[in-house]
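Order of the sequence lines sets the chain letters (A, B, ...), proteins ahead of strands, with each chain counted from 1. These numbers come from the heavy atoms of this one structure, side chains and all, not from hydrogens, waters or symmetry mates.
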There are 2 protein chains.
Amino acid sequence: MARPRTFDEADVIARARKAFAETGFAGTSLDTLLEATGLARQSLYNAFGGKKELFMRAFLSDAAEAVDAVESIRHGADSPLVRIRSQLVKVAVEHGGGQAAPSLFTKAAVELSAQDDQVASTVAAAFESMQTHYGACIADAQAAGEIDAAADAGSLGAFFVALIEGMSTLGGSGVPRATLLDIGLTSMAAIPITELGREHLGTDDGDWT
Amino acid sequence: MARPRTFDEADVIARARKAFAETGFAGTSLDTLLEATGLARQSLYNAFGGKKELFMRAFLSDAAEAVDAVESIRHGADSPLVRIRSQLVKVAVEHGGGQAAPSLFTKAAVELSAQDDQVASTVAAAFESMQTHYGACIADAQAAGEIDAAADAGSLGAFFVALIEGMSTLGGSGVPRATLLDIGLTSMAAIPITELGREHLGTDDGDWT
DNA sequence: GGGGTTCTGGACCGCTCCGTCCATGATGGG
DNA sequence: CCCATCATGGACGGAGCGGTCCAGAACCCC
């Protein structure tokens, strides 16, 4: 009954996410956005409502993805402790890719948390979810005897949230992947790991034994 | 021989620093800047050269201050290990002040590292200096027998740089001071502290013993 | 294949941006 | 006491901003 769109909405959001991640919200003009997404001025307005709305779509999408990436540590074939290490390695690899653009979630949190209430509450909720996921995984590891039962899972969760945000910032500023990997593995030493936990982690990473 | 200035250059830079820290470079207009600093359009141009130049003055000033804050752990009456803990507490308190503006250094690093070479190189140099200062302080603590001699001082230095950047990001996003304090103290567990080191730290913070 | 509906893209609008110009004001040495 | 010198601030200008309008094109259902 009508002319179909020549673009895929999810694809447009993905491209917008990349553009915003590179130059931020205020630093990305509508024209730049149109070039990056390939769609026409009016199409962007029809489909999304405007620059701010498209940004929020991209931002919310990236925030959800960032939380999901942390949530994934609660499932998997490996033991909880091994999953935490894998997650830290993954963060280091993803944010340490030299020319890779920094995470939009981190960028938006730093740029707009103080100015936009919706961004601020989204960021706060995301941090809380991440902390919860880390804490739950640590609690699982405690139940499995990999981590000292006396450890404060909530504190360690908050600690890891701060750490991965720091890694994201460093990675976006050009710190090489190897350094981020080192940071992630070094941070594991903050966990009071039991003898059983060390066995599960194996002996390939001897730095923090 | 000439009409004297009615403003103090250092004071202008301090006010500009605050304004840029709140809304970033692209998000801070010249008019906003003029209102924040109290000087006239032409005066800003005469004294600094333009928006970008004033920003760089403010940014370089803040970056130097951020490095100095870390450098300070290399001197002091307390033992090296205690100084590290004090520094982490200080970072938590400064960045966790609820309405406090985020650090311009962190904000500029996230916003502009990918776009401006001068910012990128300044940020990289600052990170490197911070890592060196942390590493040297940790080495001092090793020499004093507070930290296991087998620990990798460089890795721990990079780890703490990532952590304080993460704390800065979290603090700028509204994470409360108490949480940041918890994060800072939790991170101390990543250091392989000797029995002597624990004695020096005292027993008032029992979480990570 | 005609008609109604949606998408498209260039022209256009008012606004704000940063930077510049210039007339005026203030100063202190000669 | 006057003039050279610099700071000041209102006015201005070109450029870019985000957003809107509208005529034409593409499509699917009937």
Side-chain angles (χ1 to χ4, degrees), chain A residues 1-60 104 107-108 111-112 115-119, chain B residues 1-60 104 107-108 111-112 115-119:
Chain A
M1 192 131 80
R3 180 178 176 178
R5 288 178 173 169
T6 61
F7 61 88
D8 175 39
E9 197 160 303
D11 184 56
V12 167
I13 290 178
R15 290 174 189 273
R17 181 153 41 144
K18 192 175 171 187
F20 280 127
E22 280 172 5
T23 46
F25 175 73
T28 306
S29 76
L30 207 59
D31 288 319
T32 305
L33 225 43
L34 296 178
E35 193 180 1
T37 60
L39 43 74
R41 212 174 188 75
Q42 184 75 12
S43 301
L44 188 150
Y45 183 77
N46 287 339
F48 301 98
K51 182 189 178 185
K52 183 72 184 294
E53 287 75 12
L54 176 56
F55 173 82
M56 286 307 300
R57 292 282 295 271
F59 166 65
L60 291 174
L104 175 57
K107 193 142 188 165
E111 181 184 359
L112 300 173
Q115 305 171 59
D116 186 292
D117 286 343
Q118 194 182 353
V119 170
Chain B
M1 191 129 83
R3 179 177 177 180
R5 286 177 173 170
T6 60
F7 61 87
D8 175 39
E9 196 159 304
D11 183 57
V12 167
I13 290 176
R15 291 174 189 274
R17 180 154 43 145
K18 192 176 173 188
F20 281 127
E22 280 172 5
T23 45
F25 175 73
T28 306
S29 76
L30 207 61
D31 289 318
T32 305
L33 225 43
L34 297 178
E35 194 180 2
T37 59
L39 43 74
R41 210 174 189 75
Q42 186 72 15
S43 301
L44 188 150
Y45 183 79
N46 286 339
F48 300 99
K51 181 190 179 184
K52 183 71 185 295
E53 287 74 14
L54 176 56
F55 173 83
M56 286 308 299
R57 292 282 294 270
F59 166 65
L60 291 174
L104 175 58
K107 193 143 188 162
E111 182 185 359
L112 300 173
Q115 305 171 58
D116 186 292
D117 287 343
Q118 193 182 352
V119 170

Worksheet item: Which ones in residues 42-54 of chain B lie close to DNA chain D, meaning a heavy atom under 4.0 Å from one of its atoms?
Response: Gln42(B), Ser43(B), Asn46(B)

Worksheet item: Is any side-chain heavy atom of Leu104(A) less than 4.5 Å from a side-chain heavy atom of Phe55(A)?
Response: yes

Worksheet item: Are any non-hydrogen side-chain atoms of Phe59(B) and Phe20(B) less than 4.5 angstrom apart?
Response: no

What donor-acceptor contacts under 3.5 angstrom involve side-chain atoms of residues 42-49 of chain B, with partners at least two apart or in another chain?
{"from": "Gln42(B)", "atom 1": "NE2", "to": "Asn46(B)", "atom 2": "OD1", "distance (Å)": "3.4"}
{"from": "Asn46(B)", "atom 1": "ND2", "to": "Gln42(B)", "atom 2": "O", "distance (Å)": "3.4"}

Response to the item:
Between the CZ atom in Arg17(A) and the CG atom in Leu60(A), the distance rounded to the nearest 0.5 Å is 11.0 Å

Fill in: Interatomic spacing from CG in Leu112(B) to CG in Asp117(B) - rounded to 0.5 Å
11.5 Å

Discussion item. Show, in sequence, the C-alpha distance, side-chain angles and deciding distance for Glu22(B) and Thr28(B), and conclude whether the side-chain contact (heavy atoms from CB on, under 4.5 Å) test is met.
Written reply: CA-CA 8 Å; Glu22(B) 280 172 5; Thr28(B) 306; over 6 Å; no

Distance in angstrom units between [X] [atom1] and [N] [atom2], rounded:
X: Leu34(A); N: dG10(C); atom1: CG; atom2: P; value: 11 Å
X: Leu30(A); N: dG9(C); atom1: CG; atom2: C1'; value: 14 Å
X: Leu39(A); N: dG9(C); atom1: CG; atom2: C1'; value: 11 Å
X: Asp31(A); N: dG9(C); atom1: CG; atom2: P; value: 14 Å
X: Glu35(A); N: dG9(C); atom1: CD; atom2: P; value: 14 Å

Sidechain-backbone polar pair: [X] side chain, [Y] backbone, donor-acceptor under 3.5 Å:
X: Gln118(B); Y: Met56(B); value: no
X: Glu111(B); Y: Lys107(A); value: no
X: Lys51(B); Y: Phe25(B); value: yes

Could you list all N or O pairs between the protein and nucleotides 12-14 of chain C that sit under 3.5 Å apart?
none

Worksheet item: Touch check for Thr32(A), heavy atoms < 4.0 angstrom, all strands: base, sugar-phosphate only, or nothing?
Response: nothing

Discussion item. If you take any heavy atom closer than 4.0 Å to DNA chain C, which residues from residues 8-16 of chain B end up in contact?
Written reply: none

Show every donor-acceptor pair shorter than 3.5 Å between a side-chain atom in residues 32-40 of chain B and any protein atom, with sequence neighbours excluded, or say none if there are none.
{"from": "Thr32(B)", "atom 1": "OG1", "to": "Ser29(B)", "atom 2": "OG", "distance (Å)": "2.9"}
{"from": "Thr37(B)", "atom 1": "OG1", "to": "Leu33(B)", "atom 2": "O", "distance (Å)": "2.8"}
{"from": "Thr37(B)", "atom 1": "OG1", "to": "Leu34(B)", "atom 2": "O", "distance (Å)": "3.4"}

Worksheet entry | side chain to side chain donor-acceptor pair (under 3.5 Å) involving Glu9(B) - partner list, sequence neighbours excluded | Arg5(B), Arg57(B)

